[in-house]
Amino acid sequence: MLQGPRWWGLAGAARVIAVEPSPRMCEYLSRNVSSNHLGTVTVVQAACGGRPGQAVLYARGDEVLNTLYCRDVLGSTFQPLLRTPVLTLE
């Protein structure tokens, strides 16, 4: 568990937007933000990219390792998990 905003370096932050494409990890992140009373943090379930749209989120195993790439550098393929919105930082 976090030790408050100072641990995260959020003391005095006007606004923080946390972007997480995995529904499971987004839920954990949202609970952590809530339980630590981080009112300046907004959690968004989406991926971040160079242009808006949608992307496939892939998983290896039980949603433990998620990626927007369908295979790794060794050629191992991942299973499609879901389609997720892609947002830009603009």
Side-chain angles (χ1 to χ4, degrees):
M1 184 151 290
L2 299 176
Q3 298 300 314
R6 293 192 190 280
W7 187 87
W8 256 13
L10 299 177
R15 185 173 179 205
V16 175
I17 300 173
V19 181
E20 172 56 56
S22 164
R24 184 174 172 189
M25 295 302 119
C26 194
E27 182 181 329
Y28 291 143
L29 179 58
S30 294
R31 281 191 298 207
N32 203 344
V33 166
S34 178
S35 66
N36 285 283
H37 310 288
L38 300 175
T40 60
V41 178
T42 301
V43 178
V44 177
Q45 184 181 330
C48 191
R51 62 182 180 274
Q54 285 200 343
V56 176
L57 184 65
Y58 295 90
R60 178 189 295 176
D62 186 26
E63 203 177 341
V64 176
L65 173 66
N66 298 321
T67 180
L68 295 174
Y69 298 100
C70 62
R71 62 179 43 100
D72 63 16
V73 295
L74 301 175
S76 300
T77 57
F78 303 137
Q79 298 299 314
L81 183 62
L82 56 88
R83 294 190 68 77
T84 186
V86 177
L87 307 174
T88 64
L89 293 178
E90 298 175 14

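- Follow the hydrophobic side-chain contacts under 4.5 Å out from Phe78 and you reach Val56 in the same cluster.
- Here the shortest heavy-atom pairing between Thr84 and Ala46 reads OG1-CA, 3.8 Å.
- Within the 3.5 Å criterion, the main-chain N or O of Ser30 finds no donor-acceptor partner in the side chain of Ser34.
- Shown here for Cys70 and Tyr58, the closest heavy-atom pair between the two residues is CB-CZ, 3.5 Å.
- In the hydrophobic clustering of ILVMFWY residues, with side-chain heavy atoms under 4.5 Å counting as a link, Leu29 and Val41 come out together.
- Shortest non-hydrogen contact noted between Cys48 and Val86 is C-CG1, 4.1 Å.
- With respect to Pro21, the side chain to side chain contact (heavy atoms under 4.5 Å, CB included) criterion is satisfied by exactly one of Leu87, Val44, Leu57: Leu57.
- Residues Leu38 and Val16 fall within the same hydrophobic cluster, defined by Ile, Leu, Val, Met, Phe, Trp and Tyr side chains chained together at heavy-atom separations under 4.5 Å.
- The distance from atom CG of Leu81 to atom CZ of Arg83, rounded to the nearest 0.5 Å, is 12.5 Å.
- The two atoms that bring Glu20 and Cys26 nearest to each other are CG-N, 3.6 Å, heavy atoms only.
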